[in-house]
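To keep things clear, I will list the structure first and then write my remarks on it.
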Amino acid sequence: MDNNEFLQQIQRKHACKLIRNSGLVTPAGIVQADIALLHGKIAAIGCSGWHADETLDATGLHVLPGVIDTQVHFREPGLTHKEDITHGSKGAVLGGVTGFFEMPNTNPLTLTHADLQAKLNIAATSSYCNYAFYIGGSAANLQQLAQLETLPGCAGIKVFMGSSFGDLLAEQDDLLRQILQNGKRRVAIHAEDEARLRQRQPLTTNDVLNHPVWRDAQSALLATQRIIALAEQTSRPLHLLHISTADEMAYLAAFKHRVTVEVTPHHLTLHSPDCYERLGTLAQMNPPVRDASHQQALWQGINDGTVDVIGSDHAPHTLEEKARPYPESPSGMTGVQTLLPVMLDHVAAGRLSLQRLVDLTSSNPARIFGLNGKGRLAVGYDADLTLVDTKASRTIDNSWVASKALWSPYHGKTVTGWPIATIIGGQLVMHSDEILGKPAGKAFCFNSA
Ligand code: DOR
């Protein structure tokens with residue numbers, strides 16, 4: 001259907017689907033109105049006189065623009081005993097997430113056009129939601145980066161400055177500078193200083209409580225300062241992933257012209273030492289979950305605008321792997337499915353508004369990464385929607401978790417706020433904790449590529 005036909009159909013008021021009686025979280029505020037979906041797009045907001053082929057009664061619910069999780073590890077290919085795109089994307093839609101950007105530390109690493117294409121091929125038949133994949137920035141593909149980042153389905157370049165899980169590492173300033181010089185798009189950065197991590201590793205005892213002592217706040221700050229200096233020299237925009245320290249948050253405020261900032265639900269929700277005492281190595285993550293003073297600074301960044309994006313950093317490992325004695329236990333926890341329930345619980349507790357949550361999980365990801373037609377409830381925008389009950393009280397349980405890892409650090413936690421339905425391209429793909437239909441996700445199209 002071309003645009004004219006779409007317009008004519010809108011004028012004839014033939015809606016395929018109407019969502020009735022909900023609170024729509026729009027750029028103009030929360031509006032109590034019906035919303036009409038036609039051919040995968042939002043056709044009208046406030047729909048008197050529209051004829052519906054299908055109606056969804058959403059009394060008591062809010063409709064958000066679809067949640068986009070810009071940091072997940074779905075482990076396919078190569079590590080599918082931990083996770084795969086089928087299970088990861090099932091978790092996404094059960095958690096109200098309509099699309100994801102996936103990380104390159106799979107096996108093989110995602111370094112070439114062929115590596116990217118292999119992931120896109122798998123996702124085309126197995127993803128329940130929309131998708132894109134990062135390409136790793138390394139010495140091996142340095143010369144190709146400018147071209148690789150423009151490929152369809154590529155979310156951009158991801159750089160690990162500190163080793164975390166897998167072999168992807170770009171440690172030295174020379175290499176980092178060259179990576180930043182090759183291409184234009186915003187580069188996603190895992191900022192922990194590898195030299196300092198190596199130096200401090202002997203400090204590590206066999207107690208996971210020491211994880212944030214080994215990978216300390218200074219390791220994160222040093223790397224963040226180094227990469228920002230290089231980005232300033234090369235005029236390259238950055239997206240700093242999972243910022244975890246008060247020190248970085250204070251530093252970053254001076255570089256908002258250059259840098260967008262992500263924090264994760266686990267850094268906003270768990271804190272040391274409590275999380276390590278309760279969860280042991282299940283709370284082990286890089287960068288580490290830190291003490292309450294760091295967490296407070298992250299919340300300040302949420303509320304003063306320094307933070308742009310909440311991403312889950314869904315990084316599943318099996319319970320057997322996590323049971324290895326620290327520090328052999330791998331870092332990472334599941335998160336894509338719990339991102340929204342955990343953050344809605346923070347909304348219910350008054351820590352941020354629903355509008356700000358939409359900023360952080362949908363509008364900003366769409367704007368920052370260049371996803372045209374996504375990230376807001378507005379006529380002509382894609383009908384990717386997340387319906388939530390902000391009052392529902394539910395207990396997160398491992399039996400609800402779709403990940404192949406089969407566990408969540410929030411098992412047993414009661415939250416207020418729950419995703420009730422996930423709609424992608426106008427199609428209902430999840431309702432009341434049930435997945436409907438077959439995998440039908442599509443690759444994201446970026447206007448910056
Ligand atoms: O804890 C983490 N685990 N942090 C990362 O950045 C990588 C991730 C993984 O892939 O397991």
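In listed order, ligands and their atoms are each counted from 1.
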Top protein contact for [atom], by heavy-atom distance:
{"atom": "atom 8 (C) of ligand 1", "answer": "Ala315 CB, 3.6 Å"}
{"atom": "atom 5 (C) of ligand 1", "answer": "Ser164 OG, 3.0 Å"}
{"atom": "atom 4 (N) of ligand 1", "answer": "Asn286 O, 2.8 Å"}
{"atom": "atom 3 (N) of ligand 1", "answer": "Ser331 O, 2.9 Å"}

| Going by the order shown, which atoms of ligand 1 are within less than 4.0 Å of some heavy atom of Gly332? |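 Within the 4.0 Å cut-off of Gly332, ligand 1 contributes 1 (O), 3 (N).
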Under 4.0 Å from any heavy atom of Phe160, which atoms of ligand 1 are there?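 So the answer, numbered in order with elements, is 6 (O).
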**Report entry** Partners meeting ring-ring contact (aromatic ring centres under 6.0 Å, His included) with His239 (sequence neighbours left out)
**Finding:**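 Partners of His239 by the ring-ring contact (aromatic ring centres under 6.0 Å, His included) criterion, ordered by chain and then number, come out as Phe369.
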Margin query: Can you tell me if Glu277 has over 12 outside heavy atoms packed within less than 6.0 Å of its CD?
Written below: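 Count over threshold, so yes.
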| said: Does the residue His317 have a heavy-atom contact with ligand 1, meaning some pair of atoms that are separated by less than 4.0 Å? | reply: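 Distance cut 4.0 Å: His317 passes for ligand 1.
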Does ligand 1 have an atom that lies less than 4.0 angstrom from a heavy atom of Arg75?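 The answer is yes: ligand 1 sits under 4.0 Å from a heavy atom of Arg75.
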I need the contact type for Leu241 against ligand 1. Using non-hydrogen atoms and a strict under-4.0 Å cut-off, is it side chain, backbone, both or neither?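 For Leu241, there is no contact with ligand 1 at all, from either part.
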Structural part of Met333 in contact with ligand 1, heavy atom criterion under 4.0 angstrom:
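Contact part for Met333 vs ligand 1: neither.
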With a 3.5 Å distance limit and no angle check, can you tell me whether [X] reaches the backbone of [Y] through a side-chain donor-acceptor pair?
{"X": "Asn447", "Y": "Leu371", "value": "no"}
{"X": "Thr281", "Y": "Lys322", "value": "yes"}
{"X": "Asp345", "Y": "Val342", "value": "no"}

- prompt: Which residue pairs pass the ring pair (Phe, Tyr, Trp, His ring centres under 6.0 Å) test when at least one of the two sits in residues 272-294, sequence neighbours left out?
  reply: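 Residue pairs with at least one partner in residues 272-294: there are none.
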Do the charged groups of Arg75 and Asp84 touch, with an N to O distance under 4.0 Å?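 Answer for the salt bridge query: no.
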Point to revise | Option nearest atom 10 (O) of ligand 1 (shortest heavy-atom distance, choices Val72, Leu79, Asn105) | key: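 Ranked by closest heavy atom to atom 10 (O) of ligand 1, first place is Asn105.
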Q.
Please evaluate residues Glu171 and Arg198 with respect to the criterion salt bridge (Lys or Arg N to Asp or Glu O under 4.0 Å), reporting the C-alpha separation (whole Å), side-chain torsions for both, the decisive distance (0.1 Å), and the verdict.
A. CA-CA 12 Å; Glu171 184 189 339; Arg198 260 200 312 271; 2.8 Å; yes
